[in-house]
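Chain identifiers are assigned alphabetically (A, B, ...) following the order of the sequence lines, protein sequences preceding nucleic acid strands; residue numbering begins at 1 within each chain.
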Amino acid sequence: MIQIKLHNTKTRRREPFAPADPAHVKLYVCGPTVYDRAHLGNARTVVVFDTLVRLLRHLFPRVTYVRNITDIDDKINARAAETGEPIGEITARTTSWFHNDMAALYCTPPDIEPRATGHIGDIIALIERLIARGHAYAAEGHVLFAVATDAQYGKFSGRSPEELLAGARVDVATYKRDPGDFVLWKPSPPDLPGWDSPWGSGRPGWHIECSAMIHATLGETIDIHGGGADLIFPHHENEIAQSCCAFPGSELARVWVHAGMLQVNGQKMSKSLGNFRTVQDVLGEAPGEAVRFLLLKTQYRGVLDFSTAALAEAKRELDRFYRALEKHADPAPAATPPAAFIEALADDLNTPGAIAELHALADAAMQGNAASAASLRAAGELIGIFNQTAGQWFRGDVADDARIDALIAERLAARRNKDFARADAIRAELAAAGILLEDGPGGTIWRRA
RNA sequence: GGUCCGGUGGCAGAGUGGCUAUGCAGAGGACUGCAAAUCCUUGGAUGUGGGUUCGAUUCCCGCCCGGACCUCCA
């Protein structure tokens with residue numbers, strides 16, 4: 001059995017991964033707040049954890065992957081106030097967009113996809129539990145978590161209470177006992193979504209929903225908790241505080257894995273810089289497989305710099321892989337990917353190292369090694385590429401290629417007659433239409449640029 | 001200001017206390033009517049100054065640079 005090693009944010013080191021129950025790995029990843037199109041940063045996190053889940057499924061008999069949808073949030077409320085569209089419509093549509101975008105990147109849906117609105121009862125119960133244990137208090141319709149009651153608070157993200165205070169950028173509400181206290185529940189005016197609670201009509205704060213949904217779907221302690229690196233503080237710090245105080249003895253998650261940030265052309269992706277790239281937008285430039293592959297070309301913890309040039313390069317690499325597969329008539333995948341490939345992935349999800357193995361397999365396949373082609377297919381499928389045949393990759397599911405075939409036949413005749421001017425004219429005509437011709441020993445084949 | 005992460009060849013991007021991946025691009029060649037694809041060959045890197053060591057890109061310290069986070073951004 002290959003040993004997976006993962007960089008654990010909690011300990012800041014790479015550790016052997018051993019699930020509490022080897023027969024059942026439990027993993028939770030923070031999902032999107034549904035108020036707008038998914039951007040490439042969202043996509044990176046989802047692709048990274050999808051790849052981790054694929055690896056875990058390869059090595060463990062059962063994996064339960066939970067990823068939530070945050071459908072209660074002030075950004076959603078703000079969007080509704082702006083556009084006048086009902087909140088329910090915004091969240092339903094955005095959730096549907098998200099599902100479609102992630103499917104286009106070949107991400108497997110989570111086993112369970114809880115929504116905050118579906119767990120209000122669990123959230124209220126958890127808050128009551130925290131109040132009962134003295135870790136939270138009600139004040140002016142709010143319920144706040146009292147950070148002073150948690151000796152461990154700040155430890156996870158490596159912050160002291162003083163540091164937290166020094167950098168605080170918000171005005172401290174008067175009803176807080178401690179400036180670091182955060183909201184578990186807040187009152188909702190009649191025009192905002194609200195649920196009845198012991199503290200009046202209100203809505204949950206952000207962090208509490210994850211604690212509640214993890215407990216409801218997976219239990220007190222899970223194996224892996226994931227998300228983007230920007231969630232380490234405050235979101236994950238607060239989740240840990242809530243869950244561990246509510247359930248003494250629980251660790252919430254034994255291993256914390258965080259995906260690095262994504263930049264665009266060397267700059268932080270932000271709306272003010274105007275370089276915000278949505279998944280939808282990028283899918284117009286390249287196939288979903290190329291986008292996914294690009295996202296995996298950088299090890300997950302590093303900063304990934306997205307650019308159009310990098311996307312084009314990712315596509316060229318896939319072109320070569322598909323050529324290697326096509327040479328062997330789209331072989332069935334080998335029973336299992338090569339050990340070197342799995343070992344690279346198991347080493348803290350070293351996808352660049354794994355991809356280097358893919359290139360080695362493609363080289364061997366190009367030289368005529370059929371077993372390597374089958375291994376290449378198996379390895380690629382494990383990380384979510386090679387979701388189509390080489391023919392589909394190069395030519396698409398075209399039905400009207402009779403015209404192309406006719407032109408190729410005409411060109412072949414011209415070449416036989418040494419009428420190279422005509423032959424080249426036909427090639428140029430097809431090239432203008434995005435069709436590239438390749439003359440090989442087996443005849444002429446075409447592909448889309 | 002604080003905490004953390006990182007600085008590798010033209011670009012992207014790994015590993016490693018000694019033998020330095022991989023890809024793209026470039027150069028030369030083979031093949032081709034010409035191309036494309038493929039194959040062969042090839043140049044090219046570890047921010048900076050110290051320290052530890054027989055030996056450091058790899059470990060430690062300073063400096064410079066970049067990035068993330070510091071109450072609701074994945």
Whole-Å C1' distance, rA12(B) and rG44(B): 15 Å

To the nearest Å, how far apart are Tyr153(A) OH and rU71(B) P? 10 Å

Rounding to an integer number of angstrom, what distance separates rG18(B) and rU3(B) when you compare their C1' atoms? 36 Å

Considering Watson-Crick and G-U wobble pairs with both distances under 3.5 Å, what does rC39(B) pair with? rG29(B)

Determine the Euclidean distance between corresponding P atoms of rU41(B) and rG50(B); express it in Å to zero decimal places. 40 Å

Starting from P on rG67(B), measure out to CD on Gln299(A) and report it in whole angstrom. 21 Å

With rounding to whole Å, what would you report as the distance between rG10(B) and rC73(B) at their C1' atoms? 34 Å

Any donor-acceptor pair under 3.5 Å joining the side chain of His39(A) to the base of rA74(B)? yes

Need one value for Leu40(A): base, sugar-phosphate or nothing, where a base atom within 4.0 Å counts as base even if backbone is also close, heavy atoms only. nothing

Rounded distance (Å) that lies between atom P of rU3(B) and atom CD of Glu237(A): 16 Å

P atom, rC5(B) versus rA74(B): distance in rounded Å? 24 Å

Rounding to the closest angstrom, what is the interatomic distance between rC19(B) and rC72(B) at atom P? 49 Å

Out of rA74(B), rU71(B), rC4(B), which has the shortest distance to the side chain of Arg12(A)? rC4(B)

In whole Å, I'd like the distance from the CD atom of Glu343(A) to the P atom of rU16(B). 14 Å

In whole angstrom, what separates Phe341(A)'s CZ from rA21(B)'s C1'? 16 Å

Will you find, in the side chains of Tyr35(A) and Asn77(A), an N or O donor that is under 3.5 Å from an N or O acceptor? no

His359(A) NE2 to rA12(B) P, in whole Å, measures 16 Å

Between the base of rG23(B) and the side chain of Glu317(A), is there a donor and acceptor pair under 3.5 angstrom? no

The Watson-Crick or G-U wobble partner of rC11(B), with both key distances under 3.5 Å, is rG23(B)

Please report the distance separating the P of rG15(B) from the corresponding atom of rU22(B), rounded so that it comes out in whole Å. 15 Å

Base-contact (B) and sugar-phosphate-only (S) positions in nucleotides 34-41 of chain B, heavy-atom cut-off under 4.0 Å, - elsewhere: BBBSSSS-

Please determine whether a side-chain nitrogen of the Lys or Arg among Asp319(A) and Arg323(A) lies less than 4.0 Å from a carboxylate oxygen of the Asp or Glu. no

rG1(B) pairs with, by Watson-Crick or G-U criteria that keep both distances under 3.5 Å: rC70(B)

Look at all strands and tell whether Lys75(A) reaches a base, only sugar-phosphate, or nothing, counting heavy atoms closer than 4.0 Å. sugar-phosphate

Measure CG/Asn42(A) against P/rA74(B) and give the value in whole Å, please. 5 Å

How long is the line joining CE of Met269(A) and C1' of rG67(B), in whole Å? 15 Å

OP1 or OP2 of rG67(B) less than 4.0 angstrom from a side-chain nitrogen or oxygen of Lys268(A), does that happen here? no

